[in-house]
Amino acid sequence: MWNIGRSLFPEESRGLATLIGTLLFVAMLSIAGAIVYYVAPVTVFSLSIAAILVILLTLIVARAHAGHGTSLASDVPWEPRLFVLIAITILALIAWWTAILANPITDAVRSPWLVISPIAIVAPALAIIISIVTMRTHKAAGSMLLFASLFSVFASTAVLFPLGYGFDPFLHRATILHIAEHGTITPKPLYYIGEYALELYANLLGGLSVLTVDTLLVPLLGACALTVAARRLPVGAAIFLIAFSHFTTTTPQSLGYIFALLTIVTSAAAPTERKQFIAPIVFAIAACFAHPIAGVPAIFFVLLTAIHTRWLRTPLIIGSAIALPAMFVLQATINHANIGLVWSNLWRLDLLPLDGFLFMNGNPWLDALYLVITNLVVLAFIFAIIGALAKHGKLTSTERNGGIVALTLSVSFMLIALGIDFTYLISYERQDFALRFLFLATLFALPLIDAGIASVGAFLKARRISTPAYLFGIIVISASIYSLYPRHDGYVRSAAFNVSQADISTVYAIHALEAEDADYIVLSNQATAAAALQEFGFRKYYHT
């Protein structure tokens, strides 16, 4: 892993080069496993061949580019002050895990913050802030602390909800188990396979349970990707304007986000060599195999980075704006689903699925958190605009092309939210699809956002104004952690009940009433349906 990372990113330190190389290897495994799924049954033999080919390809790429570039950067020596910061971070994370481990949730609750005190978020927020401060003077130690802090936040879901969390992860795990047993599944999905492939490698070749891999995959890769982003971006603080809730459970969409993020942050500021395109191309393709909503913009970003001819870039930019809405319409048409085009609504900005700007409910701390939570995308775009203006037109390739894709995704958001009526979807799912585009726009605007934060930081530093900046950072990080889970407080009312022991007991009680091959259908809520999927999988197929 270090060899391929060093060969493609010789300017980076040994640790960061190894981490990028490892993530690149994971992406290549995902692509190879997806190809196996589409051309042959998924078995131990077929996945072994794919893994061997990926290893050989990795060695070839590493050897082909060995010896090029500058020597690896090195960190400053470790100082006594550094050990104090490490100790404080460890104690903060211990406090966080103590609160999580003491309150496993097996009953149905609206929000975990009704079980554990929201004050617990102070501990991981402190750990993350110290990690960023440490990274200023010692990149290696700061990176390790940041990874540990982010992973502790993302992986807390697995411990807090030992019976499982959400609905989609249950569905995807049932699919993976079916593929592991039968070699395929009918009908074959046209996407998601990038995630399934990684879990099938671990299950069929590594002997790990699907539940274990599925629980840890996205939290682990998400912490790695955000750590890489914090190191590769000039300031790195822009990562805290990314909604953390997308990295707590393993779904194809979340994995697609991770690969899209890696596409952006591994792209050279001004690419001049062919090898500088290898990592972004691999990550973009992996994003496509995980989920096209993340992968298609990543492909357009790579194309815009590689192509400099204006008459070719213009159709690419237009295509980037309409590609995803066109895919939604095409899929609905193929599936004979009802879909309508209501262009008259394109000017009805009041219909956009956006939250309010400010809540004032008499609680200053929660008022501050919700001011960030409900305006996270707005804050991100404000910093992106500041970054673009501060550069005075001297944008790097990554900043310029990332900003272009962010703008085209904003156009796609408008088209999906206002111009297309998905009558076959319930209302909150329509909103969810549209909001994914805004989240992706934030990802692609990340280099510009970071430039904006750097500009504001320089402005405040010149005037010796530091306290408001640190307070703002604390509020943003705390808001990101608080918004990890559904909330039921004076600001938001949640109905997102988790899977409980009662749901599992219910599906077994129903199953016990029927013969083993009985044909029955149960009308239930999502939590009970998720429990049934987990315990019995796809028990019955209806060929209609």
Side-chain angles (χ1 to χ4, degrees), residues 91-128 148-170 173 211-212 214-216 218-219 222-223 243-251 254 359 361-370 372-374 428 474-475 477-507 524-531 533-535:
L91 289 175
L93 294 180
I94 289 174
W96 169 248
W97 280 112
T98 299
I100 297 297
L101 290 168
N103 296 282
I105 298 174
T106 57
D107 294 326
V109 298
R110 292 178 180 269
S111 168
W113 303 123
L114 299 175
V115 178
I116 59 174
S117 172
I119 199 67
I121 66 176
V122 173
L126 176 63
I128 291 173
S149 302
L150 291 173
F151 180 71
S152 293
V153 171
F154 299 158
S156 60
T157 300
V159 178
L160 196 57
F161 297 96
L163 301 180
Y165 177 73
F167 178 76
D168 288 355
F170 289 88
R173 281 198 297 271
L211 179 61
T212 299
D214 190 78
T215 300
L216 297 176
V218 159
F244 283 177
S245 57
H246 293 288
F247 306 108
T248 56
T249 56
T250 299
T251 62
S254 293
F359 290 90
N361 281 8
N363 186 323
W365 178 237
L366 283 180
D367 285 345
L369 293 185
Y370 271 98
V372 172
I373 292 171
T374 57
Y428 76 84
I474 291 170
I475 292 173
I477 294 172
S478 299
S480 296
I481 298 173
Y482 185 62
S483 61
L484 276 176
Y485 301 113
R487 300 173 303 281
H488 189 75
D489 48 30
Y491 302 75
V492 173
R493 294 186 62 82
S494 169
F497 289 98
N498 58 285
V499 173
S500 67
Q501 184 59 52
D503 293 307
I504 296 176
S505 300
T506 297
V507 298
S524 71
N525 59 42
Q526 280 195 338
T528 307
L533 279 171
Q534 178 170 276
E535 300 305 317

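Because the structure is predicted, anything quoted here is derived from the model rather than measured. Because only heavy atoms are used, hydrogens play no part in the values below, and waters and symmetry mates are left out as well, while side chains stay in.
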Any side-chain heavy-atom pair of Y165 and L160 under 4.5 Å: no
Which atom of A158 lies closest to which atom of T215, heavy atoms considered: CB-CG2, 2.9 Å
Residue pairs involving residues 92-102 (criterion side chain to side chain donor-acceptor pair (under 3.5 Å); sequence neighbours excluded): W97-S152
Verdict with supporting geometry, V499 and F161, side-chain contact (heavy atoms from CB on, under 4.5 Å): CA-CA 8 Å; V499 173; F161 297 96; over 6 Å; no
Between CG on residue L366 and OG on residue S478, distance to nearest 0.5 Å: 11.0 Å
Exercise: identify the closest heavy-atom pair between T249 and S254: O-OG, 3.7 Å
Gap separating the CD1 atom of I475 from the OG atom of S480, nearest 0.5 angstrom: 12.0 Å
V153 side chain reached by P219 side chain, heavy atoms, under 4.5 Å: no
Please tabulate, for side-chain N and O atoms in residues 109-125, each donor-acceptor pair with protein atoms closer than 3.5 Å (sequence neighbours left out).
| unit_1 | atom_1 | unit_2 | atom_2 | d |
| --- | --- | --- | --- | --- |
| R110 | NH1 | S494 | O | 2.5 |
| S111 | OG | W113 | N | 3.1 |
| S111 | OG | P486 | O | 2.6 |
| W113 | NE1 | Y482 | O | 3.0 |
| S117 | OG | I119 | N | 3.2 |

Shortest non-hydrogen contact from F170 toward G164: CZ-CA, 3.5 Å
Pair Q534-L163, side-chain contact (heavy atoms from CB on, under 4.5 Å): steps then yes or no: CA-CA 10 Å; Q534 178 170 276; L163 301 180; 5.6 Å; no
Stepwise side-chain contact (heavy atoms from CB on, under 4.5 Å) check, T251 with V218: CA-CA 8 Å; T251 62; V218 159; 6.0 Å; no
Closest non-hydrogen atom pair, A92 against L126: CB-CD2, 4.4 Å
Any donor-acceptor pair under 3.5 Å from N498 side chain to D107 backbone: yes
Side chains of T528 and D503, donor plus acceptor under 3.5 Å: yes
Separation of L216 CG from L211 CG (nearest 0.5 Å): 9.0 Å
From CA spacing to verdict: side-chain contact (heavy atoms from CB on, under 4.5 Å), F247, L150: CA-CA 10 Å; F247 306 108; L150 291 173; over 6 Å; no
